[in-house]
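Worksheet for the structure shown next.
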Amino acid sequence: MIRLAHLADLHLGARLRAVPEYPGCPPIDPVQIAYDAFDALLRHILDGRYEGVLIAGDLFDRHEATPRALNAANAALADLHDAGIPVALIWGNHDAESPLPEQLRPPPSCWVAPIEASATHRWPDIGIAVHGQSIGDPDELRDLAADYPEPAEGWTNIGLLHTSLTGGSSRRPCAPTTLATLTGYDYWALGHVHRRLQLTGNPAVAYAGNPYPARKTEYGPRGFLEFRPAEPATAIPIDTSPVVREILTAETESDIWKRFADYVPNNRTVIWTLSGPPELLDSAREAARHYPGFAVADGRAKNMPG
């Protein structure tokens, strides 16, 4: 069975925002934990012996073009190359504002899609044809998908695209397109939206989401999607992030203690955001002190799942 890892929006160099810091709070390094998430994701792919990796843009973060981010990307691509796992990569809008893509030294097994026009790259050993185009303009407003190549006959066809679609799940337009345009291929591996979204099933169209919850409103497990091209094509969520944000819904102190007792952290750091009376914040933090690895952020939860 062929399995491909679909990643997106890694934003290497970025930090977790709105990390809680109060007496008794477990220490959370907002930079290190993002790298820990990247390492956990990479380790899962290497240990799982995936047949290929799809990176749907924003490998780097436009705000943090650091040598550490560049070194982490080069080391990861080298490890995948040494393991015999090929990579197909497109640049996203953050990459277009970073100097790091030009400094990256991808190994021969890593294909980087061109900026000027869409192109096709084939993995003959597994019958996969990947079609993609990188973002060169951070304010790209053309429908790039409309000019992607025709599907290759006799191959499993995958479209690699960094797009905001029609904008319903994104704050910033990027290579907008519609689901009606995303046809003809077996799978469309999307990036740009940080939330996992499986939009259609035939063809399969999905956002992988980001590998760690960078923003306060990015609730729920994070990691990547495992794409299986066998009929029917499926994309399976794989949770690898060592940190997760969750909503703590409570109206009373007893609600808080019950929620903590019922939640299974699975060896992850859990950052709660309270949804309930603000005067319960201190009680929630007191409960967190009794559960290692739990913290409670400032403020209240917004109805904006990431």
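All values reported here derive from a predicted model rather than from experimental measurement. In this chain, residues are counted from 1 in sequence order.
In terms of heavy atoms, Ser283 sits closest to Ile256 at CB-CD1, 4.1 Å. What you find for Ser169 and Arg195 is that their closest heavy atoms are OG-NH2, 4.0 Å. When all heavy atoms are compared, the tightest approach of Ala288 to Tyr22 is CB-OH, 4.2 Å.
Judged by distance alone, the side chains of Thr240 and His44 never bring a donor and an acceptor atom under 3.5 Å apart. Between the side chains of Gln133 and Tyr148, not a single donor N or O lies within less than 3.5 Å of an accepting N or O.
Using cut-offs of 30° and 60° for the angle between ring planes, the His121 and Trp123 rings count as perpendicular. Ring geometry for Tyr263 versus Phe294: interplanar angle over 60°, hence perpendicular rather than tilted (30 to 60°). Using cut-offs of 30° and 60° on the angle between ring planes, the pair Phe227 and Tyr187 is parallel.
Although no hydrogens or angles enter the test, the distance criterion places no donor-acceptor pair under 3.5 Å between the side chain of Arg3 and the main chain of Pro229. In this structure a side-chain-to-backbone donor-acceptor pair under 3.5 Å is present from Gln198 to Ala235. Using modelled atom types, one side-chain atom of Ser118 and one backbone atom of Asp147 make a donor-acceptor pair closer than 3.5 Å. A donor-acceptor pair under 3.5 Å is formed between the side chain of Thr200 and the backbone N or O of Pro203. A distance-only check finds no donor-acceptor pair linking the side chain of Asp9 to the backbone of Gly209 [under 3.5 Å]. Here the side chain of Ser241 pairs no donor or acceptor atom with the backbone of Val244 at under 3.5 angstrom. The closest donor-acceptor contact from the side chain of Asp186 to the backbone of Asn157 lies under 3.5 Å.
Cluster membership check: Ile128 shares its hydrophobic cluster with Ile90, using side-chain heavy-atom separations under 4.5 Å among Ile, Leu, Val, Met, Phe, Trp and Tyr. Leu248 is not connected to Ile271 by any chain of hydrophobic side-chain contacts under 4.5 Å among Ile, Leu, Val, Met, Phe, Trp and Tyr, and they are in different clusters. Ile33 and Tyr35 are assigned to two separate hydrophobic clusters, defined by single-linkage of ILVMFWY side chains at heavy-atom distances under 4.5 Å. Neither Val31 nor Val243 shares a network with the other; the hydrophobic side chains, linked directly or stepwise wherever heavy atoms of I, L, V, M, F, W or Y lie under 4.5 Å apart, form separate groups for each. Both Leu42 and Leu104 are members of a single hydrophobic cluster when ILVMFWY side chains are connected at heavy-atom separations under 4.5 Å.
Atom CG in Leu41 sits 6.5 Å away from atom CG in Leu10 (nearest 0.5 Å). Here the CD atom belonging to Glu64 is positioned 10.5 Å from the OG atom belonging to Ser98, to the nearest 0.5 angstrom. The OH atom of Tyr212 sits 15.0 Å away from the OG1 atom of Thr269 when rounded to the nearest 0.5 Å. How far SG of Cys174 is from NE2 of His162: 5.0 Å, rounded to the nearest 0.5 Å. The structure places CD of Gln103 at 10.0 Å from CG of Asn71, a figure rounded to the nearest 0.5 Å. From Glu51, atom CD reaches atom CD1 of Ile45 across 12.0 Å, with rounding to the nearest 0.5 Å.
Counted within 6.0 Å of CD on Glu279, heavy atoms from surrounding residues, nucleotides or ligands total more than 12; the atom is thus considered enclosed.
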Check: Checking ring pair (Phe, Tyr, Trp, His ring centres under 6.0 Å) for the pair His192/Tyr207: CA distance, chi angles, key distance, verdict?
Finding: CA-CA 8 Å; His192 188 62; Tyr207 284 104; 7.9 Å; no
Next item on the list: Would you sort out whether Glu246 and Arg222 count as a salt bridge (charged side-chain N to carboxylate O under 4.0 Å, His left out), showing the intermediate values?
Entry: CA-CA 12 Å; Glu246 297 284 13; Arg222 305 274 151 171; over 6 Å; no
Note to self: Please determine whether side chain to side chain contact (heavy atoms under 4.5 Å, CB included) holds for the pair Val130 and Trp111, giving the CA-CA distance in whole Å, both sets of side-chain angles, and the decisive distance to 0.1 Å.
What the structure shows: CA-CA 10 Å; Val130 182; Trp111 175 67; 4.1 Å; yes
Next item on the list: Quick one: do Thr163 and Leu182 satisfy side chain to side chain contact (heavy atoms under 4.5 Å, CB included)? Show the steps, please.
Entry: CA-CA 11 Å; Thr163 178; Leu182 304 185; 5.5 Å; no
Checklist line | Test side chain to side chain donor-acceptor pair (under 3.5 Å) applied to His194 and His11, step by step | finding: CA-CA 11 Å; His194 287 191; His11 291 275; 3.3 Å; yes
Notebook entry, point to check: Stepwise, does the salt bridge (charged side-chain N to carboxylate O under 4.0 Å, His left out) test hold for Arg142 with Asp137?
Noted result: CA-CA 10 Å; Arg142 294 176 297 163; Asp137 179 355; over 6 Å; no
Next item on the list: Show your reasoning for whether side chain to side chain contact (heavy atoms under 4.5 Å, CB included) applies to Leu12 and Phe38.
Entry: CA-CA 8 Å; Leu12 286 175; Phe38 180 59; 3.7 Å; yes
Check: Going through the distances and angles, do Val53 and Leu7 end up as a side chain to side chain contact (heavy atoms under 4.5 Å, CB included)?
Finding: CA-CA 7 Å; Val53 172; Leu7 327 179; 3.9 Å; yes
Note to self: Show, in sequence, the C-alpha distance, side-chain angles and deciding distance for Asp36 and Gln32, and conclude whether the side chain to side chain donor-acceptor pair (under 3.5 Å) test is met.
What the structure shows: CA-CA 6 Å; Asp36 290 346; Gln32 183 59 45; 2.8 Å; yes
Notebook entry, point to check: Going through the checks in order, is the side chain to side chain donor-acceptor pair (under 3.5 Å) test met by Thr177 and Asp143?
Noted result: CA-CA 5 Å; Thr177 189; Asp143 183 352; 2.9 Å; yes
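Arg15 has no carboxylate O lying under 4.0 Å from a charged side-chain N of Asp61, or vice versa, which leaves the two without a salt bridge. With salt bridges taken as basic N to acidic carboxylate O contacts below 4.0 Å, one links Asp298 and Arg285. Taking a cutoff of 4.0 Å between a charged side-chain nitrogen and a carboxylate oxygen, Arg43 and Asp79 do not qualify as a salt bridge. Between Lys258 and Asp262 a salt bridge is recorded (basic side-chain N to carboxylate O distance below 4.0 Å). A salt bridge does not link Glu218 to Lys216: none of the charged nitrogens lies less than 4.0 Å from a carboxylate oxygen.
A cation-pi arrangement is absent between Arg245 and Trp272 under the rule of less than 6.0 angstrom and at most 45 degrees off the ring axis.
The only option from Asp58, Ile115, Leu144 that meets the side chain to side chain contact (heavy atoms under 4.5 Å, CB included) definition with Ile135 turns out to be Leu144.
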